Amino acid sequence: MMEEFMLPCMNKSLLGVECFGCGGQRAVLLFFQGNFTEAFYMYPAIYPILLLLAFLVFNLFFKFRKDFQVKIGLIIFAGIVMAVNYGYKMYEFIQLTN
């Protein structure tokens, strides 16, 4: 039911190649339905991103020293997971097209 309201990936529909965020919406939906393993397989960066968002909300109410470094570290970690996931997807895409 919620799948009807998801935004299509313009990169995939126009170019036929997935983007860095492909699978993110479906992973969030799976996560909130309690399908945690499936959410990870759909989009592995979901957990670093959710951890970052949880920390940002926590940091709104509780400030402490070095919170900026923690934010930057979580952003870098999420970015690395996204890049590795994208590289893996592109490797599989290239293998399928050969």
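This structure is a prediction, so every number in the text was calculated from the model and none was measured. All values below were derived from every heavy atom in this structure, side-chain atoms included, with hydrogens, water molecules and symmetry-related copies excluded.
For K66, the NZ atom sits in a loose shell: 12 or fewer heavy atoms of surrounding residues, nucleotides or ligands are nearer than 6.0 Å. The 12-atom threshold is exceeded at CZ of F64, counting heavy atoms of other residues, nucleotides or ligands nearer than 6.0 Å.
Both L60 and L52 sit in one connected hydrophobic cluster of ILVMFWY residues. Membership requires side-chain heavy atoms under 4.5 Å apart, directly or through other members. Hydrophobic clustering, with ILVMFWY side chains joined whenever heavy atoms are under 4.5 angstrom apart, groups F32 together with F40. Cluster annotation: L56 and F68 are assigned to distinct hydrophobic clusters (Ile/Leu/Val/Met/Phe/Trp/Tyr, side-chain heavy-atom contacts under 4.5 Å, transitive). F20 and F93 fall within the same hydrophobic cluster, defined by Ile, Leu, Val, Met, Phe, Trp and Tyr side-chain heavy atoms under 4.5 Å apart, directly or through other members. The cluster map of Ile, Leu, Val, Met, Phe, Trp and Tyr, joined by side-chain heavy atoms under 4.5 Å apart, puts Y88 and M82 in different clusters.
Hydrophobic cluster membership of L30, counting Ile, Leu, Val, Met, Phe, Trp and Tyr whose side-chain heavy atoms lie under 4.5 Å apart directly or via other members: M42.
Note that CZ of F62 is 12.0 Å distant from CZ of F55, once rounded to the nearest 0.5 Å.
Annotation for A39 and F31: closest pair CB-N, 3.8 Å, computed over non-hydrogen atoms. For the residue pair G24 and I46, the shortest heavy atom distance occurs at O-CD1, 4.5 Å. Contact between V81 and P48 at its shortest, heavy atoms only, is CG2-CG, 4.0 Å. Taking all atoms of both residues into account, the shortest heavy-atom contact from Y43 to G21 is OH-CA, 3.8 Å.
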Side-chain donor-acceptor pairs under 3.5 Å in residues 69-78, sequence neighbours left out?
{"unit_1": "K71", "atom_1": "NZ", "unit_2": "N59", "atom_2": "OD1", "d": "3.0"}

Could you pull out every donor-acceptor pair under 3.5 Å between side chains of residues 5-19 and any protein atom, sequence neighbours left out?
{"unit_1": "N11", "atom_1": "ND2", "unit_2": "V17", "atom_2": "O", "d": "3.1"}
{"unit_1": "K12", "atom_1": "NZ", "unit_2": "E18", "atom_2": "OE2", "d": "3.1"}
{"unit_1": "S13", "atom_1": "OG", "unit_2": "C9", "atom_2": "O", "d": "2.7"}
{"unit_1": "S13", "atom_1": "OG", "unit_2": "M10", "atom_2": "O", "d": "3.4"}
{"unit_1": "E18", "atom_1": "OE1", "unit_2": "K89", "atom_2": "NZ", "d": "3.2"}

